[in-house]
Amino acid sequence: MRKVTITHAASFAFMLGLAGCTAPGGGSIYVPMGGDGQSKAPEPPRASELETSEPQVWRKSEQSDVSEPAPAPEQPTRSPSYRESGDELPAAAVALIRDADQRLRQGDSAGAISRLERAQRVAPRSAEVYFKLAEAYVAGNNLGAAEQFTLKGLSLAGNDSRMQRSGWLLLADIRRARGNVAGASQAEDRARAL
């Protein structure tokens, strides 16, 4: 009888063990040793233990106002933009401008404009090309287009005061030819200020 009771108790304990292994979620089940119900699970780590083991992170609001010295400024390695120096004309654009000047001397303003438009495609940020286009449109008696190309050239002249002065004087002549005396005076004032 006692042997049967021990066998039943062992079978029951085995079944309980199997039921614990097939618990939903597949996680392990904590079973206290001894089975007296008074033993406790180990304490989880406290926050103070975590704080001492991990490096401390400072928020921006917690940092002091003392700042580190600023690093030495880097030497500029970029090339100046067209607004600072103006574009260098490629050789193809120079040749087209010379051809356009020759055509203007011969009275062929349409041919000169055609050459200068090609030069504009070669050097789209050259103020000189836009001023030459303005001169060609003046020769073709299209003063509205001439004024617009002059303004575009002035916007591209950058820090080149010689180029800006010639652009403002060209604009003054165009505005005077269009009957805009006040606008011509303003352009001349801008040229004198350079």
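In the hydrophobic clustering of this structure, Leu154 groups with Val138; members are Ile, Leu, Val, Met, Phe, Trp, Tyr whose side-chain heavy atoms approach within less than 4.5 Å, directly or through other members. With hydrophobic clusters built from ILVMFWY side chains whose heavy atoms lie under 4.5 angstrom apart, Leu171 does not share a cluster with Val181. In the hydrophobic clustering of ILVMFWY residues, with side-chain heavy atoms under 4.5 Å counting as a link, Leu143 and Leu169 come out apart.
Atom OG of Ser126 sits about 11.0 Å away from atom NZ of Lys132, to the nearest 0.5 Å. Between Leu116 atom CG and Arg103 atom CZ the span is 10.5 Å, to the nearest 0.5 Å. The line from OG of Ser155 to CD of Gln164 is 10.5 Å long, rounded to the nearest 0.5 Å. Note that the CZ atom of Arg175 and the CG atom of Leu170 stand 11.0 Å from one another [nearest 0.5 Å]. Rounded to the nearest 0.5 Å, atoms CG (Asp108) and OG (Ser114) are 9.0 Å apart. Rounding to the nearest 0.5 Å gives a distance of 13.0 Å between CZ of Arg115 and CG of Leu133.
The number of heavy-atom neighbours closer than 6.0 Å to CZ of Arg118, taken from other residues, nucleotides and ligands shown, is 12 or below. Crowding of Arg165 atom CZ: a count of heavy atoms from other residues, nucleotides or ligands under 6.0 Å exceeding 12.
The side-chain heavy atoms of Leu89 and Ile97, taken from C-beta on, include a pair separated by under 4.5 Å. Side-chain contact between Tyr130 and Gln120: present, with at least one pair of heavy atoms (C-beta onward) separated by less than 4.5 Å. Ile113 places a side-chain heavy atom less than 4.5 Å from the side chain of Glu117. In this structure the side chain of Thr150 reaches within 4.5 angstrom of the side chain of Ile174, judged on heavy atoms. Arg162 is not listed as a side-chain neighbour of Leu194, based on a closest heavy-atom distance of 4.5 Å or more.
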Practice prompt. Check step by step if ring pair (Phe, Tyr, Trp, His ring centres under 6.0 Å) holds for Phe149 and Phe131.
Written response: CA-CA 7 Å; Phe149 278 111; Phe131 293 152; over 10 Å; no
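A salt bridge does not link Asp101 to Arg98: none of the charged nitrogens lies less than 4.0 Å from a carboxylate oxygen.
Closest approach of Ala119 to Val129, counting heavy atoms only: C-CG1, 4.0 Å. Residues Pro90 and Val122 come closest through the heavy atom pair CG-CG1, 3.9 Å. Heavy-atom minimum distance, Ala112 versus Ala136: CB-CB, 4.4 Å. Ala123 and Ala93 get closest at one heavy-atom pair: CB-CB, 4.3 Å.
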